[in-house]
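Have a look at the structure below before the remarks.
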Amino acid sequence: MSVRRSSVEALLASQELDREVLVKGWVRTRRGNKYVQFIAVNDGSTINNLQVVADAEKFPEETLKDVATGACVAVRGTLVASQGKGQSVEIQASEIEVLGKADPETYPLQKKGHSLEFLREIAHLRPRTNTFGAVLRLRHALAFAVHQYFNDRGFFYVHTPIITGSDAEGAGQMFRVTTLPDQNPPLNEQGQVDYKEDFFGKATNLTVSGQLEGEVAAMALGKVYTFGPTFRAENSNTARHLAEFWMIEPEMAFYELEDNMGLAEDFLKYLVRYALEKCPADLQFLNDQYDKELLGRLQFIIDNDFQRLTYTEAVEILKSAKQKFEFPVDWGTDLQSEHERYLVEKHFEKPVILTNYPKDIKAFYMKLDEDGRTVRAMDVLFPGIGEIIGGSQREENLEKLQQRMQEMHVPEEELWWYLDLRRFGSAPHSGFGLGFERLVLFVTGMANIRDVIPFPRFPKNAEF
RNA sequence: GCUUCCUUAGCUCAGUCGGUUAGAGCAUCUGACUGUUAAUCAGAGGGUCCCUGGUUCGAGCCCAGGAGGGAGCGCCA
């Protein structure tokens, strides 16, 4: 009775056989005959199941009947070397307790595969599948690696606000946050909703980026990063966008664009290497089930330098490309997905860092180049994902920044505190944003971003 | 928001030219089998053909509108 519960992962790795063990988990399958039953139990600690062997005569028929796919069980027994092929150890059961039944007639998950679209409709149960177990363990490993990486290199984790009072971050449509009543909200003299009456005394939104606040911290702590949820109310309907996603935004004082690129490349390689080291079984499963080139592609990322070139050079390459594009390439316009894909997947066949974009297609805070036409921006483009990182050296000169804000109609009044960073002790600094789900998408080889976050938020969908 | 495809059993799908009682595999249930590995074998049950309206003697199939989903594009991370 004093046996403590072991994880499936620990038991499968155990060298210590013929001892009493206790395992608790969810039944994946049961098969067998009237003499012997085989129950595959998974507790989430690993993608692998533990095989429980039950001599049918020892257990009441009702108990075994309840040991159905999806049921939760506690099994006590002896850990023994397996007589069958396919696993090295198994449990010879002495006690089976069904902690939670799962009616086979109505339990939606089967032991056979389901489409990812169907699983999206049962997001509360899909973590129990091999696929989502693997994705969620990888997601955790990558999140942990983010903190590990920055902590080891002297970065400080700063918590930037989720509710923001400025709507000028320039990164997209925002979700309004309000406690005003839906019916008959207070109106101002112009007949518009009067947000002076609102909870914060002004209009507030969910953040689209922690960058501006990150810069505040970098101008004091030197090297910082944020890692938190961000929100975009864009009506984006693609496999690469979410309305709620997690973003990692490092911001470093005294880093120029070159340093920024170096950090981005080293960081991405570290994360991929970490996943390969910590989650080999999960990655092997995803490789076998979804994407036969996944492991090779991950290794390739680690082993090769990213191709660095300027926007202008990229435009030259695209113009002389034999391939016909749906959209024409012209200096001054932003590259289309097809152009980025050509560069990454056809021309260079490796990750690409594009720099020095025309100023008119980039954000107001990016540092102007000497020529006055381009800015010190960098986008990291990955195969299959497109833009995984967007970053830049920031404009540290007050007058130039104010000039850019005027040109791009960014209200100075709202960002007075941001301008103060340039008024008092300004310093060259750089940073970037990494969409966490795009990273998970790349590392897992999944095709749709909605399948790499437990509860995806996207237009017309906030179930669960 | 745009383009395009899809919606038939719990799941994945087939359904011919518009024609009688809508099919398959898997899952489920029942039975067989003394070590299974997405077990195997035999049998059974299971349908609002997405919704609304229309055309027609007759609609799963044709038409219109709506809803939901996928892929691609745009916006971006």
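The figures here come from the full heavy-atom set of this structure, side chains too, leaving out hydrogens, waters and symmetry mates.
- Across B:G70 and B:U8, the matching P atoms stand 14 Å from one another, rounded to whole Å.
- Straight-line distance between the C1' atoms of B:U16 and B:A22: roughly 14 Å, to the nearest whole Å.
- For A:Asn448, a side-chain nitrogen or oxygen approaches OP1 or OP2 of B:A71 to under 4.0 Å.
- Residue A:Arg450 places at least one side-chain N or O under 4.0 Å from the OP1 or OP2 atom of B:G70.
- In a base pair of the Watson-Crick type (N1 to N3 plus N6-O4 or O6-N4) or a G-U wobble (N1-O2 and O6-N3), with each distance short of 3.5 Å, B:C41 is matched with B:G31.
- Phosphate contact (OP1/OP2 of B:C33, side-chain N/O of A:Asn33, threshold under 4.0 Å): absent.
- The phosphate of B:G10 has neither OP1 nor OP2 within less than 4.0 Å of any side-chain N or O from A:Lys111.
- Using the Watson-Crick or G-U wobble rule with both distances under 3.5 Å, B:G72 pairs with B:C2.
- The side-chain tip of A:Arg153 points at the ring of A:Tyr270 from less than 6.0 angstrom away and within 45° of straight on.
- Under the Watson-Crick and G-U wobble criteria, each requiring two contacts below 3.5 Å, nucleotide B:U7 is paired to B:A67.
- Note on A:Thr230: nothing from the nucleic acid sits closer than 4.0 angstrom, heavy atoms only.
- Distance from the side chain of A:Gln83 is smallest for B:G35 among the nucleotides B:G35, B:A77, B:G70.
- As rounded to whole Å, 18 Å separates atom C1' of B:G74 from atom CZ of A:Phe325.
- The same atom, P, is picked in B:G58 and in B:G45; the two are 33 Å apart, to the nearest Å.
- Looking at heavy-atom distances under 4.0 Å, A:Gly113 makes contact with a base.
- Note on A:Glu387: only backbone sugar-phosphate atoms sit closer than 4.0 angstrom, heavy atoms only; bases stay farther off.
- Phosphate contact (OP1/OP2 of B:G74, side-chain N/O of A:Ser337, threshold under 4.0 Å): present.
- Side-chain N/O atoms of A:Lys34 include one lying less than 4.0 angstrom from OP1 or OP2 on B:C33.
- Protein atom NE2 of A:His241 is 11 Å distant from nucleotide atom C1' of B:C73, rounded to whole Å.
- Contact annotation: side chain of A:Glu90 to base of B:G35, donor-acceptor pair present below 3.5 Å.
- For the P atom pair drawn from B:G15 and B:U52, the interatomic distance equals 25 Å after rounding to whole Å.
- Within 4.0 Å of A:Ile388, counting heavy atoms only, lie sugar-phosphate atoms of the nucleic acid but no base atom.
- Applying the 3.5 Å distance criterion, the base of B:U12 shares no donor-acceptor pair with the side chain of A:Gln110.
- Comparing the same atom, C1', in B:C50 and in B:A59 gives a spacing of 16 Å after rounding to whole Å.
- Summarising the geometry, the separation between CZ on A:Arg232 and P on B:C75 is reported as 14 Å, rounded to the nearest angstrom.
- A:Pro104 comes within 4.0 angstrom of the backbone, heavy atoms only, and of no base.
- In this structure, A:Arg31 does not reach the B:A38 phosphate: none of its side-chain N or O atoms is under 4.0 Å from OP1 or OP2.
- Among the protein residues, A:Gln51 comes within range of the nucleic acid bases, having at least one heavy atom under 4.0 Å from a base atom.
- Between the side chains of A:Glu251 and A:Tyr225, no donor-acceptor pair of N or O atoms lies under 3.5 Å.
- Nucleotides B:C11 and B:G54 have their P atoms positioned 30 Å apart, rounded to a whole Å.
- For B:C49, there is no paired base (Watson-Crick or G-U wobble, both distances below 3.5 Å).
- Aromatic pair A:Phe436/A:Phe245: ring centres not closer than 6.0 Å.
- Under 3.5 Å, the side chains of A:Ser14 and A:Arg19 contain a donor-acceptor pair of N or O atoms.
- Rounded to whole angstrom, the span from the CZ atom of A:Phe38 across to the P atom of B:C33 amounts to 16 Å.
- Contact annotation for A:Ile385: no contact, since no heavy-atom pair falls under 4.0 Å across all strands.
- Within the structure, a side-chain polar atom (N or O) of A:Gln336 is placed less than 4.0 Å from OP1 or OP2 of B:G74.
- To the nearest 0.5 Å, atoms CZ (A:Arg240) and OG1 (A:Thr238) are separated by 4.5 Å.
- Ring geometry for A:Phe150 versus A:Phe155: interplanar angle of 30 to 60°, hence tilted.
- Spacing between B:A14 and B:U7 at atom C1', rounded to whole Å, works out to 15 Å.
- Atom CG in A:Leu335 sits roughly 14 Å away from atom P in B:C73 (whole-Å rounding).
- At a threshold of 4.5 Å between non-hydrogen side-chain atoms, the residues A:Leu109 and A:Ile122 count as touching.
- Taking the six-membered ring where the residue is Trp, the centroids of A:Tyr157 and A:His159 are separated by under 6.0 Å.
- Here B:G23 sits opposite B:C13 as a Watson-Crick or G-U wobble pair (both hydrogen-bonding atom distances under 3.5 Å).
- Across all strands shown, A:Gly433 has heavy atoms under 4.0 Å from sugar-phosphate atoms exclusively, and none from any base.
- At the phosphate of B:C73, OP1 or OP2 sits under 4.0 Å from a side-chain N or O atom of A:Arg240.
- For A:Gln87, counting side-chain heavy atoms from C-beta on, the closest listed nucleotide (B:C73, B:A77, B:U36) is B:U36.
- Under 4.0 angstrom from either OP1 or OP2 of B:C75 there lies no side-chain N or O belonging to A:Ser236.
- Across all strands shown, B:C61 remains unpaired; no Watson-Crick or G-U wobble contact has both distances below 3.5 Å.
- Between B:A38 and B:U34, the distance separating the two C1' atoms is 22 Å to the nearest Å.
- Note on A:Lys65: only backbone sugar-phosphate atoms sit closer than 4.0 angstrom, heavy atoms only; bases stay farther off.
- Ranking B:C29, B:G1, B:G35 by closeness to the A:Ser82 side chain, first place goes to B:G35.
- The residue among A:Ala447 and A:Tyr107 whose nearest nucleotide of RNA chain B lies closer to the 5′ end is A:Tyr107.
- To the nearest angstrom, P of B:G35 lies 17 Å from CZ of A:Arg30.
- Donor-acceptor pairing under 3.5 Å is recorded for the side chains of A:Asp369 and A:Thr374.
- Nearest heavy atom pair, residue A:Leu434 against residue A:Ile389, reads CD1-CG1, 3.6 Å.
- Ranked by how close their nearest RNA chain B nucleotide is to the 5' end, A:Glu57 and A:Gly32 are led by A:Glu57.
- As a whole-Å value, the separation of A:Leu64 CG from B:C29 P is 13 Å.
- Contact annotation: A:Arg341 side-chain N/O to B:C73 OP1/OP2 distance is under 4.0 Å.
- What separates CZ of A:Arg28 from C1' of B:A27 is a distance of 16 Å, to the nearest Å.
- At a threshold of 4.0 angstrom between heavy atoms, the contacts of A:Glu117 are confined to the sugar-phosphate backbone, with no base atom among them.
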